[in-house]
Amino acid sequence: MSVTVVRFNLVEPGATPDSLGARYRAALEMAAYADRHGVTTVQTEEHHGVDDNWLPSPFTFAGAVFGATKDVAVTVSAVIGPLHDPLRLAEDIAVLDLLSGGRLVTVAGIGYRPEEYERAGIDFAARGRLQDELLETVLKAWTGEEFSYRGRTVRVTPRPGTAPHPLLLVGGSSRAAARRAARLGLPFFPSAHLPELEAYYKERLVEYGTEGWTMMPEAETPLLHISEDPDRTWAEHGGHFLHEARTYASWQSAAIRSAVRSGADDVAALRAEGVYRVLTPDECVAQGLANLVLHPLVGGMPVDEGWRSLRLFCEEVLPRLGE
């Protein structure tokens, strides 16, 4: 069975408060529409201080999505763990877990942009230690029992509804991330198709005597846009795909491994590369993808074009999956 995802990061270069507010509200309407049509997951993410208005508050957005939907899961992929107060994050996730009936999935990473740490006044070099503390703290907090935190006794309420705790995965592309997940007995979310890292994680599970599993992107996990005329879409809107691709490329060092990685410098190269794919409904079905990730508002895509893509996906692709 295919996993179907609608992704939102709500980027809009040059936005006004009015236009960005309209984009946020459209995203909620899209999420509700996707939920009614059986989409599996809404995915969102976190970045700070970006000129194009990248979403900085994924849990706030997740709460709004839960209020507008009944069944769809929301995956925050990823929250930049060390930028958050551990006790407050535990509370926020617990409340969202209760509110949604267990539909929140959190992938905790450490990020890769030093400027986000500088902005927050947090030492980038300490991010691994801070991530360890955060993960250990939220797991203790969700028990509802008192525990020691930074030299004082604390207790976090309410307890989440999901047992033993809300779904929390450790994200990353390094051995340190895999070790961290295995040590804590948490699932591991490699940021790209990295079977050798998955094998390393499983070895560490044995070493630590813990249990876990991986949620790893397929070798091909393109970002999709559905169109009746892909040539028209690339000609009119290719700049939006390129904006996101170039933004990611500007952030990612050679050491970063990501399912969303592009070396394209222009729209023609981006189209040929295949990381972003504009497909007709027939072409999308024929791809035979295990995971279909639709990105309707990519790079500031006009809302009406995003709606065209989403409607084609829900009405002409979803009913035919598995053909």
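Throughout, residue positions are numbered sequentially from 1 according to the sequence presented. What's counted below: heavy atoms across the whole structure, side chains too, no hydrogens, waters or symmetry copies.
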Show your working on side-chain hydrogen bond (donor to acceptor under 3.5 Å, both in side chains) between E116 and H47 and close with a plain yes or no.
-> CA-CA 8 Å; E116 291 181 310; H47 282 296; 3.1 Å; yes
Heavy-atom check, side chain of V298 versus side chain of L223, under 4.5 Å = no
L289 and P222 have their tightest heavy-atom pair at CD1-CG, 3.9 Å
Six-ring centre of Y201, R204 cation under 6.0 angstrom, axis tolerance 45° | no
State, to 0.1 Å, how close M215 and L169 come at their nearest heavy-atom pair, and which atoms those are.
-> CB-CD2, 3.9 Å
Taking the side chain as C-beta and beyond, is there a heavy-atom pair between V11 and H243 under 4.5 Å?
-> yes
Partner of H225 under side chain to side chain donor-acceptor pair (under 3.5 Å), chosen from R277, E305, H237 | E305
Is R175 salt-bridged to E203, cutoff N-O under 4.0 Å?
-> no
Atom pair CZ (F8) and CD (Q43), whose distance is rounded to the nearest 0.5 Å = 11.0 Å
Do V107 and V5 sit in the same hydrophobic cluster, where Ile, Leu, Val, Met, Phe, Trp and Tyr count as joined when their side-chain heavy atoms come under 4.5 Å apart?
-> no
Starting at CG of L292, measure out to CD1 of I226 and round the result to the nearest 0.5 Å.
-> 8.0 Å
N291 side chain to T221 side chain, donor-acceptor N/O pair below 3.5 angstrom | no
Cut-off 3.5 Å, side chains only: do T69 and R103 have a donor facing an acceptor?
-> yes
T210 (side chain) donor-acceptor with A182 (main chain) under 3.5 angstrom = yes
Could R232 and E236 be called an ion pair, given the rule that one side-chain N must be under 4.0 Å from one carboxylate O?
-> yes
Are the side chains of L318 and T4 in touch, meaning some heavy atoms are under 4.5 Å apart?
-> yes
May I ask whether V170 and L184 are part of the same hydrophobic cluster, defined by side-chain heavy atoms of I, L, V, M, F, W, Y residues being less than 4.5 angstrom apart, directly or through others?
-> yes
Where is the tightest heavy-atom contact between P82 and I122, given as atom of each residue plus distance?
-> O-CD1, 3.3 Å
Would you call the rings of Y117 and F124 parallel, tilted or perpendicular, where under 30° means parallel and over 60° means perpendicular?
-> perpendicular
Indicate the ring-plane relationship of F241 and W234, choosing parallel, tilted or perpendicular according to the 30° and 60° boundaries.
-> tilted
Determine whether the side chains of E29 and W307 contain a donor N or O and an acceptor N or O closer than 3.5 Å.
-> no
The reported gap from NE2 in H193 to CD in E220 (rounded to nearest 0.5 angstrom) is 10.5 Å
Are there more than 12 heavy atoms of other residues, nucleotides or ligands under 6.0 Å from atom CD of E228?
-> no
Taking the side chain as every heavy atom from C-beta outward, state whether V65 and L28 have any atom pair closer than 4.5 Å.
-> yes
Salt bridge K70-D35, side-chain N to carboxylate O under 4.0 Å | no
Could you check if a side-chain atom of L104 sits within less than 4.5 angstrom of a side-chain atom of L99, using non-hydrogen atoms only?
-> no
Say you draw a straight line from SG of C284 to CG of L294; how long is it, rounded to the nearest 0.5 Å?
-> 8.0 Å
Do V39 and Y33 share a hydrophobic cluster (ILVMFWY, side-chain heavy atoms under 4.5 Å, transitive)?
-> yes
side-chain contact (heavy atoms from CB on, under 4.5 Å) evaluation trace for T106 with F59 | CA-CA 9 Å; T106 303; F59 293 107; 3.8 Å; yes
In Å and rounded to the nearest 0.5 Å, what is the CG to CZ distance from L55 to F61?
-> 7.0 Å
From the options H295, H240, E244, R271, select the one residue that forms a side chain to side chain donor-acceptor pair (under 3.5 Å) with Y276.
-> E244
Nearest atoms (heavy-atom pairs only) where E46 meets H84 = OE2-NE2, 2.9 Å
Basic-acidic side-chain contact under 4.0 Å: D71, R36 = no
Here the pair of heavy atoms bringing S173 nearest to L194 is CB-CD1, 3.9 Å
dist W142:CH2 -> E145:CD (nearest 0.5 Å) comes out at 16.0 Å
Cationic N near anionic O, under 4.0 Å, R150 to E133 | yes
Are L186 and L167 in one and the same hydrophobic cluster, where Ile, Leu, Val, Met, Phe, Trp and Tyr link if side-chain heavy atoms are under 4.5 Å apart?
-> no
Quick one: do L134 and I110 end up in the same hydrophobic cluster if we chain Ile, Leu, Val, Met, Phe, Trp and Tyr together by side-chain heavy atoms under 4.5 Å apart?
-> no
Do Y208 and R179 have a side chain donor and acceptor closer than 3.5 Å?
-> no
If you take all heavy atoms of A34 and C314, which pair is closest and at what distance?
-> CA-SG, 4.3 Å
Can you check side-chain contact (heavy atoms from CB on, under 4.5 Å) on R246 and D265, steps first, answer last?
-> CA-CA 7 Å; R246 296 311 303 147; D265 291 318; 3.6 Å; yes
Given the rule in the side-chain contact (heavy atoms from CB on, under 4.5 Å) test, do R320 and D282 qualify, once you have shown the distances and angles that lead to the verdict?
-> CA-CA 9 Å; R320 297 170 57 194; D282 287 347; 2.7 Å; yes
